Each structure stands twice: as C-alpha cells, then as structure tokens.
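Take a look at the structure set out below.
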Protein chains: 2
Amino acid sequence: MPATIRDVARLAGVSPSTVSRALSMPEMVNAATRARVAAAVEQLGYQPNRAARGLITGRTGNIGLVVPDLANPFFASVAKGVQARARRYDVAVFVADTDEDAAAEVGLVRALAKQVDGLILCSPRASDADLSAIAQDTNVVLVNRTAEGVPGIIYDNEGGMRQAVAHLVALGHRKIAWVGGPVTSWSTQHRTLGLSNALYDHGAELARVGSFAPTYEGGMAAADQAVATGATAVVTYNDLVAIGLLARLHARGISVPGDVSVVGIDDIAMSRMARPALTTVRLPKQEAGRIAVELLLAVLDDPDPGTAIGTRGTLHGELIVRDSTGPAPQP
Amino acid sequence: MPATIRDVARLAGVSPSTVSRALSMPEMVNAATRARVAAAVEQLGYQPNRAARGLITGRTGNIGLVVPDLANPFFASVAKGVQARARRYDVAVFVADTDEDAAAEVGLVRALAKQVDGLILCSPRASDADLSAIAQDTNVVLVNRTAEGVPGIIYDNEGGMRQAVAHLVALGHRKIAWVGGPVTSWSTQHRTLGLSNALYDHGAELARVGSFAPTYEGGMAAADQAVATGATAVVTYNDLVAIGLLARLHARGISVPGDVSVVGIDDIAMSRMARPALTTVRLPKQEAGRIAVELLLAVLDDPDPGTAIGTRGTLHGELIVRDSTGPAPQP
DNA sequence: CGTGAGTCTGCAATCGGTTTCACCGGTGTG
DNA sequence: CACACCGGTGAAACCGATTGCAGACTCACG
C-alpha cells in the first residue's frame, strides 16, 4: 500500500537506483534529477522501508534501552532522555523492563540484541562476566555501571557524597549514618566509598546501617537502626529510601530536621513534595540518557573498536538543599 | 556473522524452504526432518532475521506505544504493563514520549506507524479528527480515550466517582469541590460528569473549582479556591493534583482530614507516601497496558475490520481509603 | 577529429527470509 | 491399469531497498 522506491522512480522518470542515491548521497546526482526525485517523493509521501534498507546495510536504525524497572522514576527519567535524543537522530528506541531480575535481563538483552544496532543498559543487574560477554558481540553502552572495556556513563558518586558531607558538617553534624542499597549494586559500593572518604577528610564519624532495598519500605526499615546509631544525620542510598525513612521518623515522633537531618540521592519529583521537602544530591537523569545515545551512536559510526572502548562519561551531581537538613541538635 | 537460514539448511541437509516451514508451519514437515532442522537450529543458535521476514510478510513483530510523558508515574505504569505483555508474545515495543505536545504527537505517530504493526496511544492529546485520520491507515488501540470506530480501553470514570462520593457522603460531607484537569482532556469531561451524577443521586452539592494543570503545581494553585467554596471535601483530577493540594493546605494550616477531606484518582506510588496518606480511586494501570496489547494483537490477527472496530474494554477503579478522608467537620 | 577523463545514470546482484508452484513416490479408487 | 490424490520437499520468484559495475554522454585537450 505505501509507496515504494519504484513508484517514486516511475513518477520521477528515473531508475530506483537514482532515487536511492538522490536520497542517501545527494551530491552524486545531478541537481535537476534530484529536484524531480524530491518532487516525486513529496507527492507520494514516500518513506523508505527500514526493514528493506536494514537487510542490506545491516543497520536497523533502532536501539534498545534496558532498565530494571520503568515504574521507578529514576529510570523513567533516563528513558525520557534517551527517547528524546534518539528521536533527534531519527532512531527508534525499544524499551525493555527486566523487573529487577538479573537472569531475565540477560535473556532480554540476548533477544533484543538481534533487532537493534546497539543497546543502552541502565544500571544493569547482571554480573560483570555476563556483561562482558554481552558486550563482546553487541554494541553496548552502560549507564550507572562500569565494566572492563565497555563504554558508559557514570555519576561522580564521590563528588556528590563530598557535597552532602560538606553541607552536613557545616551544620555541625559530626556523626553521620549511611543507609546503603543492595550489596551487589555498583552504586552502593561507590557511594559508600565516597561518603567514607569525605567523612574522613572532615574528621567526622561514619555509622553504617547496612543494606536495604532501594524502596520506600527499605527506608522505613532502616529508620530505627539509623536513629539507634546516635547519628544526628542520615544519608540514604536514594530518595525513595529517604522518603520512607522520613515517614517512619515522623511516625515515631522524631523531628526532621530538628532531631535528625536526612539527605537523599537522585532528586526524583517526589522529593520536593515530601514533608519536609528532601535535601538531596540531584543527579542529571535525562542528561545521562541523552549522552548515552550520543555515545552509542558514536560507537556505531566508528568501526574501530579501539576508539570508543573505554570512553566513559562522568556526570556530576548537585546538592539541592531543602527542608530535611538543619543544624545538628545541641547535645 | 550470525547464522542464516541457508546455514541451517546446509547443516540439516535440506533446502531453505524446508527450514522455513519447519519453523513456521511444523505440521507440514516430516517429523524426522523437523528433528534434523531443530538440531541444526540449536547447534547454530539460529534466530531468523526479523527484517527479512518482515519484508515479505509485511509484519514487523513490533508495536509502538505513545505516551504524553514517560516521567509521569501513571504512564510509566501503563508502559510497564504493555512491555511485559508484549514480551510474552515475543513482540518488541517502541516507546515514544510526546512531551504533552499534541502536534509532536501526530508527527511522531506518523513516523512510527511505518515501522510497526500497530500502535497503542495512551491518553493521546490529538484532536478527534487527527485521531480518526491516523486510525484510518494504521492499526491503533486507544487507552484512556475514545474515538469513533477505534478500539480502546477506558476506565469506568463514572463508577470510580460513584465510589468516592458514596464514601464521602457516608462520612457526612454534603458539599464537595471538584478540581478538574485540562479542559480538552477526555478524562476530565467524564470524571466531571460522573461526579456530578453521583452527587445528584445522593442529594449532595457540587462546587466546581475549574481547570488546572494535572500536576503538583496545579494542585497547589487549586487549593485556595477549593477551600473558598466552603466545601468540606475535595475530589481532584488525579493524585498529583491532590498531593499538591495537600501541600498547600498544610502550608495554610488547614487540617486534613480534620477540616477538609481530599480524594485523588489513579493511586500512584507517591500517594501512599503522602502525608496524610491519600485516599484515592485506584486505576489498574499495568492492566490497561496488558489489555491494550491483547486488543491490538487481536486487531492485527483479524483481517476483518468489522470485528474489532468498536471493541472497547472497560476497567474499573477501586476506592482505596487512607488517611486524607474523615468525618465532615460539625458546623 | 579521436581520445581520455569525468559525470551521471541504469542494470543487475544482493541482503535473508517466505511462499507459490511443480515434482516425486506411494497409495487408494474406478 | 490409469488416474487422482496426498504428504513431503526443492527450485525459484519475490519483498524493497542499496551498491558495484558498466554504459552513455559531455567536454576538453592534443
């Protein structure tokens, strides 16, 4: 039903080859012919069939995005960024959600790999070994995770933690509790390290509270233990955890920031709606998605694997001070 | 690099045609041959090239999902449902975000239409005319919107409003304010109507507060006007609005539910984390996505346009009572 | 005027599958 | 015994684009 390249050719009075060239290598065809082709294309509303093109060029013009959970606002934002930037390059995006399941993730990636030119893996849960294996035979860009020889975008977790600590120390806090995320999480490890270093530099004390699910419930569970450490401030793995923690503290009648200050990481939409509004380290989420697309397309265009391999973008967080942090209570 | 059907054929000692048949119409080929082919497929890890198949069958095995805003938790949930169900049928999903822009939407849909077998349009902002035009030459399923002759899934807005009203009336509320969403929104119209009817049936009074953006900010803006109506309860267009309204009421020192009760619609994750936790009408979001996929695939399989046209699924909401509603204050 | 270079265009092969059609051997029927 | 039929298979055409190669034409130069 839709017009084919032959229809255009017939209408323009040229051969299909010429139409093809007029569209993809305009400088190779005579200006007059080019104009005739353009007119015919216009008239028929012709759009080349991507499947047919892909068959011969080996490029599909599609990329895939794999995230652990679309309903998580962090990943939704990244997806939004990916999607917006991909459109600019006329690339379509397959989105897949693994439901936080590492095994499902590997299967999904394998299935998707055949249908796309490259994949963006956001906070993948797969093992380093699986990840490297995948990157072997597929163009992959990692977001929020690193793996040997695979290009990616990461956040400057150390820098973010440093900002949070500087803020809290300035407010007089000397003992700070840390609520970590999943033990296997790459981010948890780096954030723990960054926080620990920053606190050491300021001569303040770190109280580790352990690992919790990166959810509202995880935050509620962590609250009592965080308070029990005697810390006057709590930094959490992400905003969702911080908001859960806030809820539990409120339920127990503990004042924020009067008794305890709370800092999250991410700056999801919910954070400024929390009560009290959450102080947090804002991570540029859509930006990560946009850069991931640029990086992936660069990898695709460069046939030489040496260039892009190891290319790694770093994005910096920004401390957003709201109402959940205040001066440390006088003992 | 990846194995082609010819590789499989050679290994199995048969012709490509037989391999094709063994895979797509197994009953047409001898069991022994079929086994040999299966073994060869297994050994080579063969997966048919979708582009090549699509070229001849005219089916891509892909569907598209278009939403106004991926970062909106409501749409993220729908996307999650679509995505999960599509995977079950081995169908890949293109996701596109229109940024709430009706014009961009139409363009996006046109571009996407060529690359997929069908589209799921979730809460499309386009005009009825544009929508019908699109449905003319593309397989479309609507979610949260109706259009003449286009199949879709909608929510039973009337039923949801009825539940909310019954709850509020039972608590003694006699005058209820309604904060509407965008005037052009299909949902706004139906929710307004449903609320109005339910209130009439209970002999209670409706106070319309006007149209507001379906956002947190919209809710903050609506709060003062809602209070000024003298109503003892407020129903809002969605949960985001309700949460914004809650924030503004808190800022003004108005107690919820002591002075005013608040009811939202959607039941997004944020709602149970609000303070007070929000009473709301839960809409099955992932379910809508799942059904939309089923419906779309049914449309695709049925060459007769008469059957599916006008097929319309209705999903029912469920009142979730939390802490934002209570007995009407005694005058 | 012949020749070579250069520009532009068309022919035909190709990508990896699906599908039509013909064919083959074997069986059942008139 | 001739014929139709049937299950199973292969050869070849085809889907809609791209691209290597060769031909046609123009132009300049010797």
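Only a predicted model underlies this, so the values are computations on that prediction, with no experimental measurement involved. Lettering of chains follows the sequences in order, A, B, ..., and the numbering in each one begins at 1.
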Under a 4.0 Å heavy-atom criterion, DNA chain C is touched by chain B from C/dG16 to C/dT20

Notebook entry, point to check: Base, sugar-phosphate, or nothing for A/Arg6, non-hydrogen atoms under 4.0 angstrom?
Noted result: base

*For the pair A/Arg145 and A/Asp128, find out whether any cationic side-chain nitrogen is under 4.0 Å from an anionic carboxylate oxygen.*
yes

For A/Arg290, the salt bridge (charged side-chain N to carboxylate O under 4.0 Å, His left out) test, sequence neighbours excluded, returns A/Glu287

Pairs under 3.5 Å (Watson-Crick or G-U), crossing ones as [ ], inter-strand ones as |: DNA chain C comes out as ||||||||||||||||||||||||||||||

Sequence neighbours excluded, the answer for side chain to side chain contact (heavy atoms under 4.5 Å, CB included) partners of A/Pro2 is none

Here the salt bridge (Lys or Arg N to Asp or Glu O under 4.0 Å) pairs for residues 22-36 of chain B, sequence neighbours left out, are none

So the salt bridge (Lys or Arg N to Asp or Glu O under 4.0 Å) pairs with at least one residue in residues 5-16 of chain A (sequence neighbours excluded) are A/Asp7-A/Arg10

Here the residues of residues 53-61 of chain A within 4.0 Å heavy-atom distance, strictly under, of DNA chain C are A/Leu55, A/Ile56

Are the side chain of A/Asp117 and the backbone of A/Ile63 linked by a donor-acceptor contact shorter than 3.5 Å? no

Between CZ of A/Arg50 and P of D/dT18 the distance, given in whole Å, is 12 Å

Distance-only, no hydrogens or angles: does the A/Tyr155 side chain make a donor-acceptor pair with backbone N or O of A/Pro284 under 3.5 Å? yes

Residues of residues 10-40 of chain A with a heavy atom under 4.0 Å from any atom of DNA chain D, listed by number, are A/Ser17, A/Ser20, A/Arg21, A/Met25

Enumerate, atom names and distances included, each donor-acceptor pair closer than 3.5 Å involving a side-chain atom of residues 90-97 of chain A, sequence neighbours excluded.
| unit_1 | atom_1 | unit_2 | atom_2 | d |
| --- | --- | --- | --- | --- |
| A/Asp90 | OD1 | A/Arg50 | NH2 | 3.3 |
| A/Asp90 | OD2 | A/Arg50 | NH2 | 3.0 |
| A/Asp97 | OD1 | A/Asp99 | N | 2.9 |
| A/Asp97 | OD1 | B/Lys80 | NZ | 3.3 |
| A/Asp97 | OD2 | A/Leu70 | N | 2.7 |
| A/Asp97 | OD2 | B/Lys80 | NZ | 3.1 |

When rounded to whole Å, the NZ to C1' distance for the pair B/Lys114 and D/dG16 reads 15 Å

Sorted by chain and number, sequence neighbours left out, side chain to side chain contact (heavy atoms under 4.5 Å, CB included) with A/Pro68 holds for A/Phe75, A/Thr98, A/Glu100, A/Ser123, A/Arg125

Contacts of A/Ser24 meeting side chain to side chain contact (heavy atoms under 4.5 Å, CB included) (sequence neighbours excluded), chain-then-number -> A/Ser20

For residues 39-49 of chain B, please give each side-chain donor-acceptor pair under 3.5 Å, one per line with the distance, not counting sequence neighbours.
| unit_1 | atom_1 | unit_2 | atom_2 | d |
| --- | --- | --- | --- | --- |
| B/Gln47 | OE1 | A/Lys114 | NZ | 3.1 |
| B/Asn49 | OD1 | B/Ala51 | N | 2.8 |
| B/Asn49 | OD1 | B/Ala52 | N | 3.1 |

